[in-house]
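This report refers to the structure that appears directly beneath it.
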Amino acid sequence: MEQSIIFFDIDGTLVDEQKNVPQSAKDAILELKKQGHIVAIATGRPQFMFKEIREELGIDTYVSYSGQYVVLNGQVIYTNPINKSSLEQMTEIAIKHNHPVILIDDEEMKATVPNDEFVAQGFGMLFNYISLATPDPDFYKTGFVYQASLFCNEEDQKLYDAVFPALSFIRWSPISADVLPAGGSKLEGIRKITDKLGIPPERQYAFGDALNDMEMLSGIPNSVAMGNGLPEVKAVAKWVTKTNEDDGIAYGLKLAGLL
């Protein structure tokens, strides 16, 4: 069998509702490796927020920050930080409108305001790292920010869409949107890896469930949407597997003919 590469989103895909990797997924990934395939991650998470998962699964190739920080075999091969001028202007407007922002570099995250209830509701429900987001609205001035999270509703987001063509706003919850450089995506990050390895499209696979997975699943021919995924995500995928709580990874790999 020729070597393929398989990219897995994390939240809603690779992990269950308790943020654990199901045993069936662990076994499936081990079998993929035994067959000689490359197993990789493609996530919106910062790299420091899935270190334990990488170590648990023995994965050293990944696309993080939804494509803005790419690592191949443990080595950084591509970074795409947010333009500082655009980020400064966006942050100033957000503070003016009482819209909290989380700013994230390659090691930590900072918040523009302390102890915000919307940040705790949206971000804290997903991760335990929210306590690390201490207030520092000038954080972006001292280094590179690869991703930000803007906390506002969908209607208020239109203000930012109209003003900042150099930024992309991708909603991941009713109260928050990821902020990325325009054109940045998981798919673009994946291409940095597949181009370097010379793996053709027909041997590329991807699993996902959310809006920030849509470009990835529509751009990779062998794409699998999770059964718990959004309807629009399922619509662009080649296959739809079971949910992440019902051995969806293992079943999806069987649908794709990899197991």
Side-chain angles (χ1 to χ4, degrees), residues 9-12 19 43-51 63-70 78-186 188-189 210-215 230:
D9 168 52
I10 295 181
D11 298 289
K19 301 305 175 184
T43 180
R45 289 196 193 193
Q47 62 166 358
F48 57 85
M49 290 177 65
F50 63 102
K51 182 175 183 288
V63 172
S64 57
Y65 305 85
S66 291
Q68 315 321 304
Y69 196 96
V70 180
Y78 174 75
T79 61
N80 185 31
I82 301 175
N83 176 272
K84 287 191 176 185
S85 175
S86 296
L87 191 59
E88 179 178 13
Q89 294 176 50
M90 188 208 75
T91 302
E92 289 176 351
I93 291 176
I95 291 173
K96 179 180 178 181
H97 288 84
N98 295 316
H99 295 152
V101 177
I102 298 291
L103 305 165
I104 313 170
D105 69 5
D106 61 331
E107 294 183 347
E108 59 182 337
M109 61 175 69
K110 298 292 183 180
T112 55
V113 295
N115 304 319
D116 183 83
E117 62 177 297
F118 286 108
V119 174
Q121 178 185 346
F123 219 74
M125 286 175 62
L126 285 177
F127 313 117
N128 294 323
Y129 290 86
I130 192 60
S131 60
L132 300 181
T134 54
D136 185 356
D138 295 328
F139 181 59
Y140 63 89
K141 296 180 180 179
T142 59
F144 296 115
V145 171
Y146 296 104
Q147 183 172 295
S149 288
L150 171 68
F151 287 82
C152 67
N153 61 38
E154 194 165 358
E155 183 64 27
D156 287 339
Q157 182 188 314
K158 294 178 181 178
L159 165 67
Y160 300 90
D161 291 331
V163 175
F164 298 105
L167 301 176
S168 291
F169 298 87
I170 303 174
R171 298 205 71 79
W172 58 271
S173 87
I175 59 173
S176 184
D178 284 336
V179 184
L180 306 171
S185 69
K186 290 184 181 182
E188 287 303 307
L211 293 178
N212 66 348
D213 296 317
M214 285 190 66
E215 187 171 351
L230 296 172

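- Applying the salt bridge (Lys or Arg N to Asp or Glu O under 4.0 Å) rule to pairs touching residues 79-96 yields nothing, sequence neighbours excluded.
- The closest donor-acceptor contact from the side chain of Glu107 to the backbone of Asp105 lies at 3.5 Å or more, if one exists at all.
- Listed by chain and residue number, Cys152, Asp161, Phe169, Arg171, Ala177 satisfy the side chain to side chain contact (heavy atoms under 4.5 Å, CB included) test with Gln157 (two or more places apart in sequence, or in another chain).
- Separating the CG atom in Asp178 from the CD1 atom in Ile104 is a distance of 7.5 Å, to the nearest 0.5 Å.
- Note that OG of Ser66 is 4.5 Å distant from CG of Asn212, once rounded to the nearest 0.5 Å.
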Any chance you could lay out the side-chain contact (heavy atoms from CB on, under 4.5 Å) test for Val101 and Met90, step after step, and finish with the verdict? CA-CA 9 Å; Val101 177; Met90 188 208 75; 4.0 Å; yes
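- For Thr43 (side chain) and Asp9 (main-chain N/O), no donor-acceptor pair under 3.5 Å exists by modelled atom type.
- Every residue two or more places apart in sequence or in another chain that forms a salt bridge (charged side-chain N to carboxylate O under 4.0 Å, His left out) with Asp138 is listed here: Lys141.
- Between Ile102 and Gln147, the closest side-chain pair of non-hydrogen atoms is not below 4.5 Å.
- The minimum heavy-atom distance between Glu108 and Phe48, with the atom names listed, is N-CE2, 3.4 Å.
- With sequence neighbours excluded, the residues that form a side chain to side chain contact (heavy atoms under 4.5 Å, CB included) with Tyr78 are Val70, Asn80, Lys192.
- The salt bridge (charged side-chain N to carboxylate O under 4.0 Å, His left out) test applied to Glu155 returns Lys158, not counting sequence neighbours.
- A pairwise comparison of heavy atoms in Pro81 and Pro181 identifies O-CG, 3.8 Å as the closest pair.
- Here the OG atom belonging to Ser185 is positioned 7.5 Å from the CD1 atom belonging to Ile170, to the nearest 0.5 angstrom.
- In this structure Thr91 satisfies the side chain to side chain contact (heavy atoms under 4.5 Å, CB included) test together with Leu87, Ile95, Leu103, Thr112, Tyr140, sequence neighbours excluded.
- Between Phe164 and Tyr160, the ring-plane angle classifies as parallel under the 30° and 60° cut-offs.
- Under the salt bridge (charged side-chain N to carboxylate O under 4.0 Å, His left out) criterion, Glu188 pairs with Arg191, not counting sequence neighbours.
- By the side chain to side chain contact (heavy atoms under 4.5 Å, CB included) test, Gln47 pairs with Phe50, Arg54, Tyr62, Ser64, Tyr65, Tyr69, Asp106, sequence neighbours left out.
- Taking each heavy atom of Ala182 and Pro165 in turn, the nearest pair found is CB-O, 3.4 Å.
- A distance of 6.5 Å separates CD1 in Ile82 from CG in Leu180, rounded to the nearest 0.5 Å.
- With rounding to the nearest 0.5 Å, the separation of NE2 in His97 from CG in Leu159 is 5.0 Å.
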